Amino acid sequence: MALVTTPTVNDGPLFAEVNMSSDFNAPTVRATVVQASTIFYDTPATLDKAERLLAEAASYGAQIVVFPEAFIGGYPRGSNFGVSIGNRTAKGKEDFRKYHSAAIDVPGPEVDRLAALAGKYKVYLVMGVIERDGYTLYCTVLFFGAQGRYLGKHRKLMPTALERIIWGFGDGSTIPVFETPIGKIGAAICWENKMPLLRTAMYAKGVEIYCAPTADSREVWQASMTHIALEGGCFVLSANQFCRRRDYPPPPEYVFEGTEENLTPDSVVCAGGSVIISPSGAVLAGPSYEGEALISADLGMLWLSYI
């Protein structure tokens, strides 16, 4: 599997595509996971980038496209929002105000635009967003049909570690699995995938295309994705951002607490690792750690009949 060099001309492909088709001699579904960074604090620009990525994925024949955790709204890597027990700093409050402003309402105009994009490019779209509901933010996945319709959402049930200071907790009312012409689609976000009963609920609903947007590029994440594919007898599509320090605002506007002094604009702060895995645990495409990319594979859906 080769990573094709990204053209630098403006009218060429935005990112390279990493492609490994399955060997199944059966009807297939073309799946693409997006490995790309948010334009932090700039939601309109991030939506424009999402459209460019969707257009390119569609040109490769994608039928389902999965974006990373918090792609719209941003994953606030390295930020602590000025919090310590019993105290909040003025800068931390301002950081949260800006982060809250970059989040989106569900439903809302950004959701309408994403639905229209799914319809325009005729893809099933799974998009990681930061959802704003009053003063509470949620790490959420939105689902869209290829006919341009918003299908529903899943809110992350259990934010990981310090994420709990900025994101609310989801609940059992948003654990959907959608039956579609290309298979039954559901999602769990990052390390809520450690929750056995959440996974069991999705398996019980017959999930076939298990989407796992994440913010974790460590090797241990790959082991978890392989386990879930085997345990659930499903295809696993995991999308993560690839980010350098320059993809976030420069200091002092945005500070990576504890590591800022060791970073240059080109320092990689999230290395990706996006991957597509078959129900047998075989890696169909990825993991990629080379940069922003579209990572694709053909899912032999009849395989699910023989598990």
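A quick note: this is a predicted structure, and the numbers were derived from the prediction, not measured.
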From CE (Met127) to CD1 (Ile72), nearest 0.5 Å: 4.5 Å
Residue pair Ala239 / Val34: nearest heavy atoms and the distance that separates them: CB-O, 3.5 Å
From Thr160 atom OG1 to Glu163 atom CD, the distance as rounded to the nearest 0.5 Å: 4.5 Å
Donor-acceptor under 3.5 Å (Thr46 side chain, Ile39 main chain): yes
Cluster check Tyr135, Val106: I/L/V/M/F/W/Y, side chain < 4.5 angstrom: no
Phe242 and Asp247, any side-chain heavy atoms less than 4.5 Å apart: no
Side chain to side chain contact (heavy atoms under 4.5 Å, CB included) assessment of Ile295 paired with Gln35: CA-CA 7 Å; Ile295 299 163; Gln35 182 165 288; 4.1 Å; yes
Backbone N/O of Gly134 and side chain of His100: donor-acceptor pair under 3.5 Å: yes
Other cluster members, Phe40 - Ile/Leu/Val/Met/Phe/Trp/Tyr, side-chain contacts below 4.5 Å: Tyr41, Tyr75, Phe81, Val83, Phe96, Tyr99, Ile130, Leu137, Leu162, Ile165, Ile166, Trp167, Tyr248, Tyr254, Phe256, Leu263, Val269
Under 3.5 Å: donor-acceptor pair, side chain of Asp105, backbone of Pro107: no
Lys98 NZ: over 12 foreign heavy atoms closer than 6.0 Å: yes
Residue pair Glu94, Lys91: steps toward the salt bridge (Lys or Arg N to Asp or Glu O under 4.0 Å) verdict: CA-CA 5 Å; Glu94 174 61 13; Lys91 183 180 185 306; over 6 Å; no
Enclosure of Lys122 NZ (heavy-atom neighbours >12, cutoff 6.0 Å): no
Verdict with supporting geometry, Thr214 and Trp221, side chain to side chain contact (heavy atoms under 4.5 Å, CB included): CA-CA 9 Å; Thr214 188; Trp221 177 255; 3.5 Å; yes
Non-hydrogen atoms of Ala215 and Cys270 that approach each other most closely: O-SG, 4.0 Å
Rounded distance (nearest 0.5 Å) linking atom CZ of Arg245 with atom CD of Glu260: 4.0 Å
Met225-Trp191 co-clustered via ILVMFWY side chain contacts under 4.5 Å: yes
Taking every non-hydrogen atom, the tightest pair across Gly232 and Tyr203: CA-CE2, 3.4 Å
Stepwise side chain to side chain contact (heavy atoms under 4.5 Å, CB included) check, Val207 with Ile228: CA-CA 11 Å; Val207 65; Ile228 289 170; over 6 Å; no
Heavy-atom side-chain contact between Ile104 and Arg132 under 4.5 Å: no
Value rounded to 0.5 Å, distance of CD1 in Ile64 from SG in Cys211: 4.5 Å
Pairwise side-chain contact, Leu114 with Leu47, heavy-atom cut-off 4.5 Å (strictly under): yes
Cationic N near anionic O, under 4.0 Å, Asp133 to Arg155: yes
Distance (rounded to the nearest 0.5 Å) between Ile276 CD1 and Leu299 CG: 6.5 Å
Whether Glu192 side chain and Pro159 backbone form a donor-acceptor pair below 3.5 Å: no
Pairwise side-chain contact, Val29 with Phe235, heavy-atom cut-off 4.5 Å (strictly under): no
Least distance between heavy atoms, Glu51 atom then Leu117 atom: CD-CD2, 3.3 Å
Shortest non-hydrogen contact from Ser37 toward Cys243: CB-SG, 3.7 Å
Lys205 (side chain) donor-acceptor with Ile175 (main chain) under 3.5 angstrom: yes
Between Thr38 and Gln241, a side-chain donor and acceptor under 3.5 Å: yes
Test item: Glu69 and Asn240 side chains (from C-beta on) under 4.5 Å apart, heavy atoms: no
Under 3.5 Å: donor-acceptor pair, side chain of Thr259, backbone of Asn262: no
Heavy-atom neighbours of Glu261 CD exceed 12 at 6.0 Å: yes
Residues Asp298, Arg30: salt bridge by 4.0 Å N-O rule: yes
Audit row: Lys194, Ser224, side chain to side chain contact (heavy atoms under 4.5 Å, CB included) steps and yes/no: CA-CA 8 Å; Lys194 289 178 67 174; Ser224 188; 5.7 Å; no
Contact check, side chains of Ile209 and Leu237, non-hydrogen atoms, under 4.5 Å: yes
Asp95 with Arg88: basic N within carboxylate O range, under 4.0 Å: no
Any donor-acceptor pair under 3.5 Å from His154 side chain to Thr174 backbone: yes
Ser267 side chain to Thr264 side chain, donor-acceptor N/O pair below 3.5 angstrom: yes
Asn193 and Tyr210 side chains, donor-acceptor separation under 3.5 Å: yes
hydrophobic_cluster_shared for Tyr138 and Val111, side chain cutoff 4.5 Å: no
Flag, side chain of Glu208 to backbone of Lys184, donor-acceptor distance under 3.5 Å: yes
Donor-acceptor under 3.5 Å (Thr43 side chain, Ala102 main chain): yes
Transitive ILVMFWY side-chain link Leu142 to Leu54, under 4.5 Å: yes
Crowding at CD, Glu257 (>12 non-hydrogen neighbours, <6.0 Å): yes
Nearest non-hydrogen partners of Tyr289 and Gly273, listed with the distance: CE2-CA, 3.4 Å
Arg244 side chain vs Val268 backbone, donor-acceptor pair below 3.5 Å: no
Val65 side chain near Tyr124 side chain, heavy-atom distance below 4.5 Å: no
Spacing of Thr180 atom OG1 and Ile185 atom CD1 [to the nearest 0.5 Å]: 4.0 Å
Basic-acidic side-chain contact under 4.0 Å: Arg113, Glu110: no
Cluster overlap Ile277 with Leu230, hydrophobic side-chain contacts below 4.5 Å: no
